[in-house]
Amino acid sequence: MLSDAWYRLRAILRRQSVERELDDELRFHVERQTQKHLRAGRSAAEAARLARLEFGGIDQTKEQCRDARGLSVWEAAGRNLRLACRTLGKRPGFAVVVVLTLALGIGANSAVFTAIRTILLQSLAFPDAQDLMRLEQYEPRTANPPSFVAPTRLEDWQRLSQSFQAITGYYPGDISETSADVPERLASAWVAPRFLQVWGVVPALGRGFAPEEERFGGPRVVIVSDRLWKRRFGSDATLAGQRLRVGQQSLPIVGVMPESFRFPLRDVDVWAPSPVDAPFAQSRQSTWFTVIGRVRHGGTAAEAQADLDRVQAQLARAFPATDAAIAVRVQPLKDVIVGDVGRSLWLLFAAVSVLLLIACTNIAALLLARTADRQQEIAVRYSLGASRGSIVAQLLTESLVLAVAGSVAGLFVAIGALRAFDMLGQGLPRVAELRLDWTLVAYSLCCAAGATLLFGLLPALRTAKRPTSDPLAARSRSVAPATQRLQWLLVGLQVALAVPLLFGAGLLLRSFDALGRVAPGFESARVLTFRISADWGETTDIKALQRRMYATLASLRALPGVDATATSLAAPGVPFEYQTQVRIVEGEAVANQRSMASLRAVSAEYFSTMRIPVLAGTSCPTESPTPTAVVNRRFAALYAAGAAPIGRHIEQVPANPFLAAARIVGVVGDAREDGLHRDPQAVVYWCHAAPVPAPLFLVRTRTEPMAMAATIRRKLGQLEPRRSVYEMMPLEERLHDTFAENRLRTVLLSFFAITAVSLAALGLYGTLSYFVHMRRREIGVRMALGARQRDVASSFVRQGLRVSIAGCIAGLSLAALLGRAIAGMLCGVSPLDFVTFSGVLLLVLVAAVLSSAWPALRASRIDPMHVLRVE
Amino acid sequence: MGEERIDLPQGTLDLLILRTLALEPQHGWAISERIQQVSRDALQVPQGSLYPALHRLERRGWVKAEWGISDYNRRAKYYALTRKGRAQLATSADSWRKLMTAVGLVMDMK
């Protein structure tokens, strides 16, 4: 079928005139010859017959002429292609091994490339996304993390800055949508004016917010997501009269966003205006917006930074009390979103590139091993007048066929890998944007072309050596020493490349293992977590909010199977950047000492729920006329000279109106609140059941936590039917999710490393088997002369080991470099970890012995009589 | 024809063609006639090899082909020696003569 298709292609491409000319030329010859015979007195018929007879087969001559003219590039390529397919078809096993090796190498490479391109290189999926900046306010004189931005300040920045087209802000919230039987929690975003303008996105249906809807007391409306629109409203084309029931209210829907717009969260379904002129939004200290600005087209972050520095200096003069200590930080939004996932991706890319290199080296060694087998065929082609170039081209075509087949198979691997990425990497930024497109195909074809040169060129040049003696006479049985050395070099190279991959994977695995074995200081098993929808408006009456929390906690506590219940600002063990500066009010505070602590806000039973021991004093009280707090042991050690600072007061710097100065009532054990990979920090637990309207609920169950889920939902439904319960999952699952990126890179790197070692072992095995095969006559002679089987076998194993050890030594220095590069990803293990080093060495040597053993055994089983008789 | 005919040793056909074309451009049939005549019928160019040889020489750039009108007023493909071909002819002729002398010396030894 291929040959037929080719024939038709050639018919089109072939210059028909060349054929016609050849025809004319030969016919002219026959005519002249006929005339010659006519003149010699033959009859017309006889003359023609003789002339044709003398000429011989016309078609044969034509074919020879075509051959003599040489082939066009297309024809040559076509012939090489057919030849390559036929040659490879003769050894399908070899072809399959090579194609699979390449599929893995190219597929993995293409998948990681796609991830890098999508996540790191492509701009965000907004119009002119490079103009989008994230603006933060922070206090340069404290070490506090950047905080959110006050609405009034946001409006000042918008009014006074010159480098921005518009500045807006948002904060995430929850809405309990009550049109169905069970209230459903919808993720929502409360947005400052100019929200859609900054993103450069218009609703797919309907309109954006009108100015009066963004003012306090104006009509309340919402914009919904395409997802919600389809799910709830069956994508009705008409918006008129559609309303969203939220709690007691029913809000008109004025617009539907395009499907691609999912900001600030992937699952956000509702956008609603947050009026910046509301009376409760006028304090310059109530900060709640995350701020995004769009600079004038083509403007840079540095220009915007300078502009806002000037604006903020102006504000500092106008409002010295609140703005003097504040500075602004401008960062391109993409950098903020992508974060430091780039490190992992580049590490993986390096790993898959090394893997591809190993695969190519492996295949080059396999092809080299066939050199001797093909010498006869090559010699025949030379004697038929082929040029070296044409033979190299033919051999390269074979490599190209393998590489293209490999990259096509690799596409399937890449598609599978991207699916897996989507599943394994849920926590990664921009994973939803991963798409299969033509770039992927183009990239893997480029890989194929590169791989062809990489693994095909050297063997082709070597195989296409013009034979010196006449190889047709005696089939050579020896391998040229230069080729032998080259093959061993390639084997050593594979080992040297596989070692750093193994080492890196080993480090990540050990680091991961160390994470699993740390004592977190709390018990994560059998704790169910969830949130209950609430509105920020409820924070106006903190007392009522607290009462509601404790009422809910008490009724949950009364359920059979529940041991303890608590709320917390954040899940223990899940990184939550809330480091703040605190100050012990009374006593001998060291001047200028910055007391940094992690801040948590927890309800009374938190410590018993999480099984964190109370070392001194008491746990948080359920109710207290004045604010109270509990600190951990590390805090006491660091900032109170080890003494339990019970009875003293602690406050944030600067003072936080939500969490006012509190009396310390107890000291608890150290827990890894800020992530299992970090040593316990100093922590201050403010005793506050509801610092936010929807804190995390923690329920300690007697059995498997999810088994209680339905019971708890039912109970909560009875208590407050209008609220929805969401994010219900065991605490362990939250901890698990925290390490999504870590786990992804560990799993992938381990997989690549195992593949690399397997390839290297396979390379060693193949090369050694080949040498045994080529030298079987010599071995036969040696054994006939009295060499012992053991000596023969061990000589081959020694050879394999020597090369592997050399490769290991070269590889370990690469590994040390790699270790240093990934030091930042490790936890509880040194980047030059000795155990990992020895483990890698041991693994490689065992693999080397195993893969040498079989060929060596075969060598020792050679029957001298048989070999000598056959040869 | 008859018993006088000698089979052309490998590689000599190219030399003969180049030598023939050194006189004047010719078409294929005339080349084979000329060789036959000059060799007094001793050399008969196998017509099946003549044209492949011409095409091969053309590809190597030693001759170039052009369509012209023959003495019988028919379109014919004329081959002419190129500069490269002339140089090749000189080298080949030289080594041919050397070979002949050497072979002659060996054959004549006593």
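Below, read A as the first sequence line, B as the second, and so on, with proteins coming before strands; counting in each chain starts at 1. Side chains included, hydrogens not; waters and symmetry mates left out as well; all remaining heavy atoms used.
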Would you confirm whether [X], through its side chain, and [Y], through its main-chain N or O, come within 3.5 Å as a donor-acceptor pair?
X: A:T397; Y: A:N80; answer: no
X: B:T20; Y: B:I31; answer: no
X: B:S70; Y: B:R74; answer: yes
X: A:R388; Y: A:L461; answer: yes

Please examine the side chains of [Y] and [X], heavy atoms only from C-beta on, and report whether any two atoms are closer than 4.5 Å.
X: A:E398; Y: A:C85; result: no
X: B:K64; Y: B:Y79; result: no
X: A:S399; Y: A:F455; result: yes

Quiz item: Looking at B:S49, B:S32, B:A76, which makes the most heavy-atom pairs under 4.5 Å with chain A?
Solution: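 Heavy-atom pairs under 4.5 Å are most numerous for B:A76.
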Salt bridge [X]-[Y], side-chain N to carboxylate O under 4.0 Å:
X: B:R34; Y: B:E24; value: yes
X: A:K36; Y: B:E33; value: yes
X: B:K77; Y: A:D24; value: no

Quiz item: Side chain, backbone, both or neither: which part of A:Q33 has a non-hydrogen atom closer than 4.5 Å to chain B?
Solution: both
Quiz item: Of the backbone (N, CA, C, O) and the side chain (C-beta and beyond), which part of B:R60 lies under 4.5 Å from a heavy atom of chain A, both, or neither?
Solution: neither
Exercise. Look at the aromatic rings of A:F55 and B:Y51 and report parallel, tilted or perpendicular, splitting at 30° and 60°.
Key: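 Ring orientation of A:F55 relative to B:Y51: tilted.
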Quiz prompt | chain B neighbours within residues 42-49 of chain A, where any heavy atom lies under 4.5 Å away | solution = none
Quiz item: Does anything in residues 83-96 of chain B get under 4.5 Å of chain A by heavy atoms, and if so which residues?
Solution: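 The residues closer than 4.5 Å to chain A amount to none at all.
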